[in-house]
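Below is one structure, written out as structure tokens; the observations come after it.
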Amino acid sequence: MTMARYNAKESEKHWQGVWSGRQSFAASNDSTKPKAYVLEMFPYPSGRIHMGHVRNYTMGDVIARFRKAQGFNVLHPMGWDAFGLPAENAARDKGVNPSDWTYANIAVMREQLKQMGLAIDWSREFATCDVAYYAQQQKLFVDFYEAGLVYRSEADVNWDPVDMTVLANEQVIDGRGWRSGAAVERKKLSQWFFKITAYAQELLDALDHMERWPEKVRLMQKNWIGRSEGLRFSFDVSNGGKLDVFTTRPDTLFGASFAAISPDHPLSERLAKTDKKVAAFIEECRRIGTTEAAIETAEKMGFDTGLTVAHPFDPDWKLPVLIANFVLMGYGTGAIFGCPAHDQRDLDFARKYKLPVLPVVVPEGTDPKTFAVGDEAYVGPGKLANSRFLDGMDVEAAKTEIAKRMEAMGRGTRTIQWRLRDWLVSRQRYWGCPIPMVHCGACGIVPVPKAQLPVELPRDVRFDVPGNPLDAHPTWKHTSCPKCGGKAQRDTDTLDTFVDSSWYFARFADPHADAPVDAKAANYWLPVDQYIGGVEHAILHLLYARFITRGLHKLGYVDVDEPFAGLFTQGMVCHETYKGHNGEWIALDEVEKRDGKAYFKGTDTEVIVGRSEAMSKSKKNGIAPETIIDVYGADTIRWFMLSDSPPERDIEWTDGGAEGCWRFVQRVWRLIDEADALAPVGTKADGASELRRATHRAIAAVTDDVENLRFNRAVAQVYTLAGAIDAKAGAADRREALETLILLIGPMMPHLAESCWQALGHTTLVADTPWPKADPALVKSDTVTIAVQVNGKRRGEITVAADADEASVKDAALKDEGVVRALEGKTPKRIIVVPQRIVNIVA
RNA sequence: GCGGGCGUGGCGGAACGGUAGACGCAACGGACUUAAAAUCCGUAGGGGCGAAAGCCUCGUGCCAGUUCAAGUCUGGCCGCCCGCACCA
């Protein structure tokens, strides 16, 4: 009997139907099994899935299926991060309604994900643009408002002139909008904020306990939160006012040679009103400030205001007050004192403007009289000098002493300064969750009562005029005040889409609940045991989600603070790039490769082969997953995604690699096909044949590798087992080996596994079959072959019993022919025996 | 500038401080075939000795060090990648 070649297309469709019909992957909210919540960052419905999705969802799927096989009650849901600007752009450019466009995209992508054969509980699917979802989000917003975690404030905001909306700090990258790439402008606007800074300390402290998060991500968050301890104090200004400054180095106060304020400091602005030169200087700073990356190399610039401040410990010591472009209004008080000897920026500035440089901290054992600072500020430890009552103290003691005295004088307080600022969530856009607030002339700002929610988006909006479409709508914003019943206006802003994705994982616990989050269900499922996504969300999404979860906890919706117990950030999918001789990107399908060179298809014109880069539209080096699935099937593309490259690193897509995966699919199928005279289903293998050993070693290794997300190694172990299956082995041993092979690839190539399982005579599903268990006795072997070194160089090899005692191992080693030759008759001085590893003879 | 990561065959990559290069891709040789595809078997880091089995030697970016033993640990360089970026 010979079966046909494995038909991936038919088989995959078949098994997808079977799983769906049996609801194989439905999660139970009422189970006695241990739970496992496996989640991948949900996709934006752009229209088609890309290779990045395939890699991400394949990894999650392997974990989900693996956990199910291990007996866990698994939650592995899928949804859509469906609000956002592309829908509005499509509406403007193509005249389609954003909602229609989005749901059409979702329909396509859902089919594509289903074709991947993901073990997802589709009954829990939702999109963030579903009224049912954003209605709950509006309730949450009101809850947060009432809990004091939401406030409205006028502030300098980041304005994206292309997307025509404001952005949160985190969403400005290198002075540009994270989506549009446009240079961000500054505006003063009244906007809604989430009080994320209220949790700054908690968000920081918890990072230390998040062992299953990558160190890198924790560090990025730590830096972003940016805690620094210091002293805030005031100078008396010669104009009779006070100037507040913040410093982390109060110990260097006697080395101060100037005070500097930001061009945006209120004092600068006040001076500008009466002094044209000040105004011109501020103008110049702002111009440079907004011209993008030039900030990097921007020269330090200062302007002497003519004002002075008195040194807090010596009223006769006057320091000039300068406006300096490197002082940021957004951090601390927007004013500093400059101590050039111990701060590089201050030193650069002082050298340029010929200000004194007096060292006040000198390294241990250095004479303060001879210690000089050149072009490099001294920021290391040492003893205080030239500092009156601080002389001789170390830095820490001096900081404390100054702080104590300042506090006693009522001039300063020790404070903690954060880099993190509150999360600006208002967006002047249409396709987002409407902010459920009403502005009443009489009552001020009034939340929409929960009974009146949701505030639904209108369908009839225009996108052919610039500005906020909701604001431009003729009637939508007009409403009555929930409090006094008088005429009032709705808030026409919508929420940042990062709000949508900051609690969806909690909603999945019970996506049909009447409350935003069903406490019982969420407390059962949360935290997410394994979250998988791109490192690009290391700060934005992950920090916001951690904050919102704390808010949910405060409101009693959940008992946890941290939403994601385990986080894994996967690498990108890359491909070689091609360029023409004018530097233009050449699409993959316009290139053909011949004899190691690349040409324009059908011509002899060479194209330049560039390095491998993340697949992207702009570089034209993307491969559409659907074409691969169409040709080879989902299992092949899944296998590719897991093979070779460690999951956290970038993977390079190659045609050869894909073909190799496809060949392996066929090879597995053939192994089953050609396996004649197997023992019947249910036969127990016995004994300790080589094949049985290989089988159980594979179980142990693959289990360990998948457990630790080392999929590339798991794949290699599977290859090794496949190679070990020998037609000459016993019928029972071969059945065991083949069944094991199939169960091990089950999470990785689920369709192929089901087909093979059936071909092996089973009437059950791999999806319902427990994960195999390794017999420890078979994993360990009786004999081991170890190397024997002489003076650290490998000279021979001996095979000894695994439990051989040291004496007999030594004995065997010394008898080895190669060892004898290498010893040249010398007597060993020392023999190191590492059991089951190595013998090293020192002669 | 600061912080983090990485550097191993033609390529992707393996390797609790213990036989470097598992496993795969590409390559080459052979078998099967009228032929091709598919498949199967075999070879394979560099150099040297040998008819062969095999043996010697050099090899994990570079230079030192610790150790019986270093791809792995330590220090210093070089290169690449990522994050933050005048945060006082």
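Here the structure is a predicted model, which means the values were calculated and not measured. Chain letters run A, B, ... following the sequence lines, proteins first, then strands; residues in each count from 1.
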- Message: Would you call the rings of A:F349 and A:Y353 parallel, tilted or perpendicular, taking 30° and 60° as the class edges?
- Response: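 A:F349 vs A:Y353 ring planes: tilted.
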- Query: Relative to each other, are the rings of A:W669 and A:Y6 parallel, tilted or perpendicular (30° and 60° limits)?
  - Reply: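 Rings of A:W669 and A:Y6: tilted, as their planes differ by 30° to 60°.
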Nucleotide nearest [X] when distance is taken to its side chain, options [options]:
X	options	result
A:Q789	B:A20, B:U57, B:C86	B:A20
A:L219	B:G4, B:A69, B:G12	B:G4
A:E797	B:U19, B:C23, B:C87	B:U19
A:S228	B:G4, B:G13, B:A88	B:A88
A:M220	B:G83, B:U19, B:C55	B:G83

- Query: NA contact type, A:N712, heavy-atom cut-off 4.0 Å: base, sugar-phosphate, or nothing?
  - Reply: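 The residue A:N712 makes sugar-phosphate contact but no base contact.
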- Heavy-atom count around A:K352 NZ within 6.0 Å, excluding the residue itself: above 12?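 Correct, the count exceeds 12.
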- Exceeds 12 heavy-atom contacts within 6.0 angstrom, atom CG of A:D375: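 Not buried by this count: 12 neighbours or fewer within 6.0 Å.
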- Toward the 5' end of RNA chain B, which comes first, A:S645 or A:G332, by nearest nucleotide?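 It is A:S645, whose closest nucleotide lies nearer the 5' terminus.
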- Task: Assign each of A:R837 and A:L328 to its nearest nucleotide of RNA chain B by heavy atoms, then name whichever residue's nucleotide is nearer the 5' end.
- Result: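 The answer here is A:R837.
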Does [X] make a side-chain N or O approach to OP1 or OP2 of [N] shorter than 4.0 Å?
X	N	value
A:R345	B:A88	no
A:R611	B:C11	no
A:R649	B:G12	no
A:Y331	B:A88	yes

- Message: Can you confirm whether or not the ring centre of A:F640 sits under 6.0 Å from the ring centre of A:W662?
- Response: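 For A:F640 and A:W662, the ring centres are not under 6.0 Å apart.
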Name the pairs: protein N/O against N/O of nucleotides 36-40 of chain B, kept only if under 3.5 Å.
unit_1: B:U39; atom_1: O3'; unit_2: A:R670; atom_2: NH2; d: 3.2
unit_1: B:C40; atom_1: OP1; unit_2: A:R670; atom_2: NH2; d: 3.4

- Parsed dot-bracket for RNA chain B after applying the Watson-Crick and G-U rules with both distances under 3.5 Å and | for other-strand partners is (((((((..(((.....[....))).(((((.......))))).(((((....)))))..(((((..]....))))))))))))....
- Nearest-0.5 Å distance that lies between atom CZ in A:F254 and atom NE2 in A:H311: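 A:F254 atom CZ to A:H311 atom NE2 measures 5.0 Å (nearest 0.5 Å).
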- Query: Once you round it to whole Å, what is the distance between C1' of B:G3 and CZ of A:R227?
  - Reply: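 Spelled out: CZ on A:R227 to C1' on B:G3 is 19 Å.
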Atom pairs and distances, donor-acceptor, side-chain atoms in residues 716-723 of chain A, under 3.5 Å, two or more places apart:
unit_1: A:Y719; atom_1: OH; unit_2: A:W639; atom_2: NE1; d: 3.1
unit_1: A:T720; atom_1: OG1; unit_2: A:A716; atom_2: O; d: 2.9

- Task: Check if the side chain of A:K216 and the base of B:C82 share a donor-acceptor pair of N or O atoms closer than 3.5 Å.
- Result: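 Looking at the base of B:C82, it does not pair with any donor or acceptor on the side chain of A:K216 (distance under 3.5 Å).
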